[in-house]
Structures are given as structure tokens and as C-alpha cells.
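Structure first, then comments.
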Amino acid sequence: MALSTSSVITLKINGERYTLPVDHRTTLLDALRERLDLTGTKKGCDQGQCGACTVLLDGRRAVACLQLAVAAEGREITTIEGVADGERLHPVQQAFLDLDGYQCGYCTPGQICAAIGVIREHAAGWPSAVTGDVRPEAGPQPLTAEEIRERMSGNLCRCGAYVSIAEAVARAAEAATNPDGDAGWYSDGDTEAPPDGDPGARVAPGTDRTKEAVA
């Protein structure tokens with residue numbers, strides 16, 4: 001008997017659950033854009049080299065074009081649509097806006113998601129290729145411009161807005177460590193996933209339109 005080449009999966013995205021049938025070869029990027037109409041995540045090279053499709057998986061950055069949708073089941077996925085708190089921009093979004101960290105804007109969703117991941121990784125003590133002291137007891141090293149450029153090097157900007165992007169990441173990181181600022185997003189990890197027992201799930205376009213938002 002031939003093995004099935006498709007499955008019905010449930011993805012937890014931006015605090016809601018979406019149930020949809022997918023071919024096992026479908027990438028998370030294509031599931032987001034083509035099946036769920038979450039088009040903020042952009043398709044660039046489709047080879048994991050440009051960073052335009054960067055999202056957060058369990059709070060850590062990942063390129064959606066190299067992630068199979070079936071492998072993302074059970075993980076908390078955050079796309080650019082879920083970064084803001086209602087009408088209130090995320091501190092990284094605000095920094096990009098204030099410092100013109102974009103031009104055409106095509107790479108900006110991936111840049112912002114990557115920047116959130118970068119700031120969290122740095123706070124957790126993850127070294128980069130340019131980190132001078134990688135001893136655990138040394139703690140996080142300063143997030144210098146060189147560190148930011150290295151850590152964000154996987155996200156390309158064809159318009160060349162790199163100077164403003166690095167400045168925006170630095171400002172957001174500084175705000176995150178300000179005791180008077182909003183640092184709730186700063187810890188390593190994203191919001192807690194909804195309990196498995198929550199009833200219902202949002203269903204992908206083209207299938208059963210019934211949906212229930214996760215409480």
C-alpha cells in the first residue's frame with residue numbers, strides 16, 4: 001500500500017490555531033502565504049539565503065522557506081502579523097519606523113523578526129562569530145554595532161538600508177534593558193502555547209470555514 005503524501009496538521013500561529021491539509025513537501029512559508037493568507041512573511045530566494053521569510057519558532061528565528069509545515073506542528077509560530085500588541089507597535093517595529101530602517105519594505109518583516117530573535121539570543125548569552133569572550137561566566141558581551149552586523153548578516157536588504165537597520169536594532173536592544181521600558185518580550189522564548197485541550201481551531205481558506213479563536 002502506498003504511503004500517504006499529505007496530512008492534516010494544526011499550526012499555532014500568533015496565538016491562534018489553524019487546521020489545514022498539506023502536502024508533506026509544503027514549506028512553512030508556502031503554508032503561511034498560500035494557504036493561510038498571512039502574506040507579511042515574504043518569499044525572496046526560497047533557498048534560505050536572504051532572510052526575507054524569517055519568522056519566530058518558539059521565540060527563536062528561523063527561515064520559513066527551509067522549514068516544512070508538518071515539522072512546525074506543535075510549535076509556537078510568530079509572524080510579522082503577530083509581533084505588535086494590537087495597535088501598539090513592538091519596540092523593534094517602532095525603532096525601525098523611527099530610524100528609517102527600511103526603504104522598499106520587502107525585507108522588513110524578516111528583518112524585524114530576525115532582530116527580535118537576535119536581541120533575545122544576545123541576552124541569553126549566545127555568542128556570535130565576532131564575540132570576543134565566549135566563556136559562559138563572562139555573561140552577555142556588549143551588543144556593539146559589529147555584533148549586530150554579524151548577527152543580522154543572514155538578512156539581506158537590496159536597498160542597502162543596513163546602517164539604519166543596525167541603528168534600529170541597537171535602539172530596540174537598549175530599550176529592552178531599560179528598567180522603565182517594556183521588556184516583556186526580551187526573554188528567550190515566546191508567549192506560552194495554548195493548552196492542547198482548547199476547543200476548536202481556525203481552519204485554512206479553501207477548507208471548512210468554521211473557526212474558534214483560542215481562548
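Being a predicted model, the structure only gives us computed values, none of them experimental.
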Tell me the closest heavy-atom pair linking [X] and [Y], and the distance in Å.
X	Y	answer
Asn155	Gly110	ND2-O, 3.2 Å
Ala115	Val92	CB-CG1, 3.8 Å
Glu147	Ser128	OE1-OG, 2.7 Å
Ala84	Leu89	CB-CA, 4.2 Å
Ser6	Ser4	O-OG, 2.8 Å
Gly101	Ser164	CA-CB, 3.8 Å

Got a donor-acceptor contact below 3.5 angstrom from the [X] side chain to the [Y] backbone?
X	Y	result
Tyr162	Cys157	yes
Asp133	Gln141	no
Asp58	Glu76	yes
Asp46	Cys65	no

Find the distance between [atom1] ([X]) and [atom2] ([Y]) and round it off to the nearest 0.5 Å.
X	Y	atom1	atom2	result
Ile165	Thr108	CD1	OG1	7.0 Å
Leu97	Tyr102	CG	OH	4.5 Å
Gln103	Arg158	CD	CZ	13.0 Å
Thr54	Gln111	OG1	CD	8.0 Å
Leu32	Thr79	CG	OG1	6.5 Å
Gln94	Leu99	CD	CG	9.5 Å

Using side-chain heavy atoms (C-beta onward) and a distance below 4.5 Å, is [X] in contact with [Y]?
X	Y	value
Thr131	Arg151	yes
Arg120	Arg60	no
Leu20	Ile9	yes
Ser7	His24	yes
Thr41	Leu28	no
Val130	Thr144	no
Thr78	Ile116	no
Ile80	Ile112	yes

Side-chain heavy atoms under 4.5 angstrom apart, residues restricted to Ile, Leu, Val, Met, Phe, Trp, Tyr: same cluster for [X] and [Y]?
X	Y	value
Val70	Ile77	yes
Ile13	Leu29	no
Leu68	Val63	no

### Message
For Asp30, run the side chain to side chain donor-acceptor pair (under 3.5 Å) check against Arg35, Lys43, Arg25 and tell me which one passes.
### Response
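It is Lys43; the other options fail the test.
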### Query
If you draw a 6.0 Å radius around CD in Glu73, do more than 12 non-hydrogen atoms from other residues or ligands fall strictly inside?
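It does: Glu73 CD has more than 12 such atoms within range.
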### Query
Does Glu137 CD have over 12 foreign heavy atoms under 6.0 Å away?
yes
### Intermediate values then yes/no, side-chain contact (heavy atoms from CB on, under 4.5 Å), His90 and Asp85
CA-CA 7 Å; His90 188 283; Asp85 182 10; over 6 Å; no
